[in-house]
Structure formats: C-alpha cells, structure tokens
Amino acid sequence: MQSALNPAGLEAERIATLWWWMAGGTLVIWALVVALAVYAKRAGDDRYSEREARWLILGGGVILPTVVLTGLLIYGLWLLPALRGTEPPPGLRIEVVGERWWWRVRYLPEDGEPVVSANEIRLPVGEKVEFILSSPDVIHSFWIPSLGGKMDMIPGRVTRLVLEPRRVGRFRGACAEFCGASHAYMNFAAVVMEPAAFEAWLAGQAQPAAEPAEPLTRRGQTLFLANGCGACHTVRGTPADGVLGPDLTHVGGRLTLAAGLLPNDPAAFVRWIGHSDELKPEANMPAFGMLPAAELRAMAAYLESLR
Ligand code: CUA
C-alpha cells in the first residue's frame, strides 16, 4: 500500500488531516465560485455598479485568499512539527543511503552493533525512529507515504527524518525525486512489526549467511564466488565482501528483489542476474546473460537460500 491517505504513522496522520481540510475547503470555494458565475450569468450585465464590482474583486480576490491562506499556514504549522525539528529521540536510528537505484540500509541499534541490509526497511510499531539520509552522487528523496512526509537525500549533506509508525503492516516506500534513468525502479518495502518480532528479526539479520546445505545451493555459491559477484556484493561469512552493491547476506528473506522491482523467488533471481541491464536501465549491476541457464538457476537457488 502506498497512500498518504491511508496513514499508519504519526506524521502521516497529521498530513492526511491537513489534506482533508484542504480538500474540503477547496470544494467549498469551488462551489462558491461556480455559484457566483451562474448567478452573474443569470442576472445579466447591468445588474451591478462598477463600485460593487470593485468590492467583489477586492473581497474575493485579495481579502478572502489572504485570510484563508494565513489561517491554513497557522493551522499547518501548529499541526505538523510534532516530529520535525526537534531533538532526535533516543533509540533506534537507521542510516539510509540513496544509491543508483537502490537503498543502502544500516540499522544502528541503541546498544549493539550496526546491521547492514538493503532495499527493505523494518520498523518497530509505536517507536520513534530517526532516519539519517544521504546520497553519494545524485539527489533522491526518501518517502514512505503511509508513515510520513518525504525527505531529500542530498550529496554532501546529511538530512534527518523521524517517523513514528502506529500500525503494524507492510507499506510501500519510493524515491520521490527524479534521479536518473531508473528512478521509477527505486522502491522498497517498509514493514512495521511488533517490537519483539522486530528485535528477533534484527538479531537474525546480524548473523552471518547460512551455509549452503544442498548440492544445488553449494554449486550456486561456488558459481557466485567464481563469477566475481563478491567484488560488489557482501555475503557475510563468505569471501564475498564487496560494498558497491547491496549486501546479500539475507537477500532470500527480503520481500522484493532489485529495489521493489521483482518478486523474491528463484525465477526472478534468474531474470535479474541474466537481464539486469534491460530490467533496470543504467544500473551498475552487469547482466550475466552469457551464463548457461543451469548455472543461473544454481546461483538463484543459492541466493534464495540466504534467508
Ligand atoms: Cu532515486 Cu529517484
């Protein structure tokens, strides 16, 4: 679900409230203008003096917008700063880096080691979480409409955003700033969980990758390493320790592949590894279409087993 009008977070609730007031007000003003137009048409040309017309323009064109917009500004300012511009709350912080075109994610628990992940964000319900946002090259914008407003990720700067999810569920996040050829393919799943389930999940993510247990997944791991995938990707617990691309230690357990582009199943892994250039134009991930289908399937099985 990606909708600012289906709020599941504190800031999104406030934004939705403001939106409904504005939509209602717009409707009232629109009805007023239409009614005036109909009335003027029926009444004919010589009904008003110039003096009355001037008052109508002054009242409807200057005074009314000034009063309405000032009121809206005051209401909006009063409504919104609940989370913005205040001291960051203690607790979980999450570093998110906008890459072309995926999301580098690092969980920084209050006590404990950082946990690296990608293209998916999990959050405990009812807790304020501070996001630390940046980008190495182009401007992206981090947005989970159901949880709150968007925040730009600007090269050379660090921006911050605090969100407080209030409802458990799966929501869709997206890049909300045009950032190049595959801007539209830069999405992620945001999963809000019960705090205990979140802690258990995070502890699992901190573990190294599972050793492949079957002949097919073992072969997949050998191929993964032999084809140089480890130059860009990390699979903790193996020699693969590249940092250019997403960390794949637990890639099989994620909800989507390629930053929200594909479902997470072996067939999608085969498509992605073989045709990444077609699926995500200008992405840095080279396509391995020259590999035999059986080898792609073995690698897909291995990656899928990394839960
Ligand atoms: Cu990143 Cu648009």
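Start at 1 with the first residue, then count along the sequence. Each ligand, and each atom within it, is numbered from 1 in the order the structure gives.
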Side-chain donor or acceptor of Asn264 paired with backbone N/O of Val251 under 3.5 Å
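Side chain of Asn264 to backbone of Val251: a pair is present.
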Keeping His250 on the side-chain end and Gln205 on the backbone end, is there a donor-acceptor pair under 3.5 Å?
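Looks like yes, one N/O pair under 3.5 Å.
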Can you label the angle between the [X] ring and the [Y] ring as parallel, tilted or perpendicular, going by 30° and 60°?
| X | Y | value |
| --- | --- | --- |
| Tyr107 | Phe198 | tilted |
| Phe142 | Phe188 | parallel |
| Tyr75 | Trp21 | perpendicular |

With atom 2 (Cu) of ligand 1 as the centre, enumerate protein N/O/S atoms below 2.8 Å in chain and residue order.
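For atom 2 (Cu) of ligand 1, the protein N, O and S atoms that sit under 2.8 Å away are Cys175 SG, Glu177 O, Cys179 SG, His183 ND1.
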Considering only NZ, NE, NH1 and NH2 on the basic side and carboxylate oxygens on the acidic side, decide whether Arg100 and Glu282 come within less than 4.0 Å.
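Answer for the salt bridge query: no.
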